[in-house]
Amino acid sequence: MAGQPLPGTARGERRIMTHEYDFHTIETRWQKKWEKEDLFKADPNAEKRFYCLTMFPYPSGVLHMGHVINYTLGDIISRYYLLQGFNLLSPMGWDSFGLPAENAAIRTGTHPQPFTEQNIEKMTAQMQRAGWGYDWTREIATSHEEYYRWTQWLFLQFYKQDMAVKKTAPVNWCTPCGTVLANEQVHEGKCERCGTEVEQKDMSQWFFAMSRYAQRLLDGHEKLRGHWPDAVLAMQEDWIGRSEGARVDFHVAETGKTISVFTTRPDTLFGVTFMSLAPEHPLVEKLVSGTEHEQRVMPVVKSMRRQGTSEKDIAEREKVGVWTGFHVTNPVNGEKVPLWVANFALMSYGTGAVMAVPAHDQRDFEFARKYDLPIKIVITPNDCELDPTTMTEAYVDAGTMIQSGPFDGRNNREAMPDIITWLEEQSVGKKTINYRLRDWLISRQRYWGAPIPIMYCDACGIVPVPEADLPVRLPHDVHFQEGQGNPLATSESFMNCTCPQCGGKARRETDTMDTFVDSSWYFLRYCDPHNMEAPFDPTVLQHWMPVDQYIGGIEHATMHLIYARFFTMVLHDMGLLSFEEPFKRLFCQGMVCKTAYFCHTHKWLPESDVEGQREGDSIKDGTCKHCGASVRSEMTKISKSKYNVVDPDKMFDRFGADTVRLYMVSDAPPDKMQVWSESGIHGAWRLLTRLWTLVLQQIPSLSTPETSIPTELGSTDVALRRKTHQCVVRVTEAIEGGFQFNTAIARCNELLALFRSTADQVHPTIRRETLEFVIRVLAPIVPHFAEELWMHLGHQKSIFRCGWPQADMNVAKEDEVEMPVQINGKIRARMQFPTDTDQATIQEAVLDCPDVKKWLQDKTIRKIIVVPNKLVNIAIS
RNA sequence: GCCCGGGUGGCGGAAUGGCAGACGCAACGGACUUAAAAUCCGUUAUCCGUAAGGGUGUGCGGGUUCGAGUCCCGCCCCGGGUACCA
């Protein structure tokens with residue numbers, strides 16, 4: 001059987017067959033045909049609908065392998081439901097605001113708009129050639145006026161509901177650049193662009209009051225459980241971070257000022273030996289300024305405030321503190337304890353103040369030992385005595401309360417509710433549920449985002465832009481230069497405006513919105529993308545929403561997926577939506593990773609700049625091409641910034657879209673992390689070319705289409721049919737269940753192997769059935785290939801209009817099973833039994849088998865375990 | 001640090017608590033070819049053994065069970081997220 005050379009190999013151009021697998025012609029032809037037939041055009045009136053959504057990309061200009069896996073999975077699901085007779089909504093669009101375009105603008109002086117449009121154009125072409133089917137009439141881009149006008153409108157609705165509020169929050173500030181830095185732009189406390197030490201600066205900014213929805217978001221998990229990955233729900237639960245405890249009011253001993261703390265351990269209140277405030281706590285400066293302590297305290301506090309704002313930074317840096325010179329009075333026992341400022345106290349969590357109980361909290365214990373602060377034991381274990389001078393770690397388990405006033409002698413866990421009641425009776429505290437989830441800071445001091453539609457009038461204060469005046473357009477008379485801060489502030493035409501309330505002079509808000517706001521409602525706009533009167537028509541949404549299947553990367557587990565859920569809930573509460581959860585089912589693909597290289601001097605390097613011995617898909621112990629220093633290699637998510645991207649275009653050129661699509665799902669389960677390697681693609685190519693050749697060779701000797709299968713069949717016929725129907729069952733399960741395409745394809749390979757070895761003894765109707773079933777189950781994965789062969793097999797209609805093949809479970813059933821016989825867990829024999837033979841019959845036959853008897857001589861049988869259709873285990877002594 | 005994943009042959013991986021390594025890649029041997037590529041057939045966890053056969057083996061250390069890659073406890077390593085990358 002003549003096959004085809006691997007494309008791109010030495011003489012790959014040689015033409016061997018008349019009907020060669022010319023993927024280029026085939027793929028172009030079918031893509032045109034699908035477009036002409038409107039295969040992916042969503043019908044808003046049809047009954048049985050399916051909304052398949054994949055996360056829209058940021059238009060970087062080039063698709064990367066993460067997109068390829070994401071959109072291939074989406075396309076497989078889309079086409080599968082199309083085959084199942086559903087009316088499909090499969091849209092695509094662009095998350096086109098964001099930092100990279102702005103950075104490019106600052107670097108090159110070009111405006112982000114044309115830059116973004118060009119990128120969209122390039123990526124659209126790449127998507128089309130991949131064969132992904134979308135309803136392009138619904139395409140949206142978040143940076144287009146027609147879209148961001150409604151993002152602004154939605155902001156105004158939030159504002160009206162008091163869900164958009166202004167608060168002060170610290171940002172990473174770089175003085176020379178005159179700009180706010182993202183956490184990822186800060187490396188080791190320094191600005192990645194100019195190397196200057198980054199400062200924390202307080203800024204007045206806009207927030208969405210998301211913390212009010214903490215409990216609702218948590219409650220929503222009940223609906224999602226079973227349909228979303230458990231890992232995502234677990235991460236969101238931790239992110240929301242509900243904890244039950246009490247608010248307790250302390251007072252500054254010297255001034256009487258109240259400082260409240262939140263604690264989950266009110267049972268340890270009698271053991272408080274000091275209190276800590278967050279460095280950003282407004283009280284710190286108020287207390288010490290003008291006192292003898294100011295000189296000593298403020299420099300330390302300022303240095304704390306200079307440190308990074310990211311949670312990772314805070315958690316990992318050394319815990320340090322300084323005494324303010326003041327004390328607080330413990331309301332439960334009147335004790336005066338010192339008030340400190342500590343860098344582990346977070347302004348954004350609880351009240352920004354924490355009580356410290358070193359005896360019963362590990363972090364407090366370490367801090368107390370470091371600064372020689374007292375340790376007071378108030379819970380004692382029942383089996384030993386604790387000694388504050390010698391103990392080496394905090395005692396955090398349950399025990400009996402001591403030195404705790406009215407609670408002495410009680411078990412601390414059991415006493416907890418009574419302690420809280422007692423605090424409430426004394427009016428010094430209150431039962432409280434605290435959440436880690438913070439309000440959503442949406443202000444960005446950047447140009448390339450949706451302007452926040454707010455004005456500031458000297459007379460009227462904060463004034464929302466009237467809805468009729470939307471959109472607030474991004475101006476073009478701006479300067480993109482380093483050291484300019486937000487380019488929006490350089491536009492005179494933008495900044496100066498008239499107050500709609502008093503007609504006086506006003507200034508515009510120059511902050512734009514976080515791009516997560518844009519992506520929190522895009523799935524709604526897809527349903528009604530051309531609506532000029534509203535962001536969407538609720539009756540149209542009624543038809544399509546919620547999304548039936550959402551597919552995207554696991555890296556969005558918390559942020560995007562929580563923001564989108566929150567947004568949907570708020571819109572629901574405003575009466576704009578009838579549902580609270582936007583995504584019924586979620587699938588998260590693993591990240592595509594590849595080795596990246598880092599040189600201390602030259603930062604991230606492309607592989608071509610690394611010299612050294614190639615080992616598999618990476619370079620071991622390489623050196624930098626520019627300076628010869630040894631480079632650090634890291635297996636990490638592919639990203640442009642780390643120069644470890646793979647360009648899918650080259651692969652489409654060489655192998656065609658179908659081979660690439662097949663390869664993407666044929667080797668590994670898509671929810672696991674994937675290490676990028678091209679070495680396996682040969683297998684996908686071979687499956688297609690071999691199947692191609694096989695089908696074309698078989699066609700002349702097959703029955704005509706629709707010929708019924710004879711009732712009398714030989715054993716080879718039966719065996720092939722059985723395998724064929726099993727294959728359909730497996731592929732169906734793979735798609736409906738866990739996206740396990742790799743095992744589905746393995747079953748196709750097995751089926752084809754059996755076909756090859758037995759075809760010449762098999763009836764022409766069975767051969768046709770097998771080949772047609774294989775092509776039809778592979779169609780969602782390799783659509784162009786399947787269409788072409790389907791046509792060759794004598795069918796006129798598109799394969800995607802012919803439905804999903806139906807497996808006959810009676811045909812698929814095995815009638816005999818081989819069962820291993822174990823003796824003490826080791827396999828000593830194998831026996832054949834008809835399927836579903838009962839235990840007694842199996843046991844009798846096994847004990848009668850000579851291979852088994854051999855091992856049982858002179859031994860006592862302790863137990864016989866018979867698992868029908870599986871195995872037999874005999875325990876002997 | 002915290003939360004979530006993962007660790008199985010040379011490689012990607014398969015396995016409702018029930019035969020570890022399906023399927024594929026790579027490698028090796030053979031067929032075809034003047035030759036190479038492609039294609040086809042076969043071998044391929046590892047150790048002992050000529051063989052028949054037997055032992056060991058799913059990151060490490062314990063445990064539960066007739067039976068553990070799978071469940072439980074304690075570690076190690078790798079990846080993701082950690083609120084201004086998207």
Go ahead and name the base partner of B:G79; Watson-Crick or wobble counts if both distances stay under 3.5 Å, otherwise write none.
B:C4
Would you kindly check whether a donor in the side chain of A:R446 faces an acceptor in the base of B:C84, or vice versa, at under 3.5 angstrom?
yes
Under the 3.5 Å rule, do the base of B:C19 and the side chain of A:R830 count as making a donor-acceptor pair?
yes
Any N or O donor-acceptor pair linking the side chain of A:N873 to the base of B:C66 at under 3.5 Å?
yes
Between CG of A:L871 and C1' of B:G67 the distance, given in whole Å, is 8 Å
Which listed nucleotide (B:U82, B:C66, B:G55) is nearest to the side chain of A:K863?
B:C66
For B:C11, the Watson-Crick or wobble partner whose two distances fall under 3.5 Å
B:G24
Within 45° of the ring axis of A:F207 and under 6.0 Å from its six-membered ring centre, is that where the NZ or CZ of A:K167 lies?
yes
Using the P atom in both, what is the distance from B:G17 to B:G6, to the nearest Å?
14 Å
Quick check: any donor-acceptor pair below 3.5 Å linking the side-chain of A:Q205 to the base of B:C84?
yes
A:N183 vs B:C85: side-chain N/O to OP1/OP2 distance below 4.0 Å:
no
Go through B:C84, B:G18, B:G13 for me and flag the one nearest to the A:A668 side chain.
B:G13
Kindly say if A:R686 contacts the phosphate of B:C25, meaning a side-chain N or O under 4.0 Å from OP1 or OP2.
yes
Does A:Q445 get its side chain close enough to the base of B:C84, under 3.5 Å, for a donor-acceptor pair?
yes
note: A:K642, atom NZ; B:G79, atom C1'; distance rounded to Å ~ 11 Å
A:H682 side chain N/O closer than 4.0 Å to the phosphate oxygens (OP1, OP2) of B:A26?
yes
Are A:R747 and A:E750 within salt-bridge range, i.e. N to O under 4.0 Å?
yes
Taking only side-chain N and O atoms of A:R828, does any of them lie within less than 4.0 angstrom of OP1 or OP2 on B:G54?
yes
Distance, C1' atom - from B:G21 to B:U43, rounded to whole angstrom:
16 Å
Below 4.0 angstrom, N of the basic side chain to O of the carboxylate: do A:E192 and A:K603 qualify?
no
Side chains of A:T54 and A:M92: closer than 4.5 Å at any heavy-atom pair?
yes
Under 4.0 Å from OP1 or OP2 of B:A14: is there any side-chain N or O of A:T743 that close?
no
Taking atom C1' of B:G18 as reference, at what distance in whole Å does atom CD1 of A:I842 sit?
13 Å
Assess whether one donor atom and one acceptor atom, taken from the side chain of A:Q674 and the base of B:G12, lie less than 3.5 Å apart.
no
Of the nucleotides B:A15, B:A14, B:C84, which has the atom closest to the A:P669 side chain?
B:A14
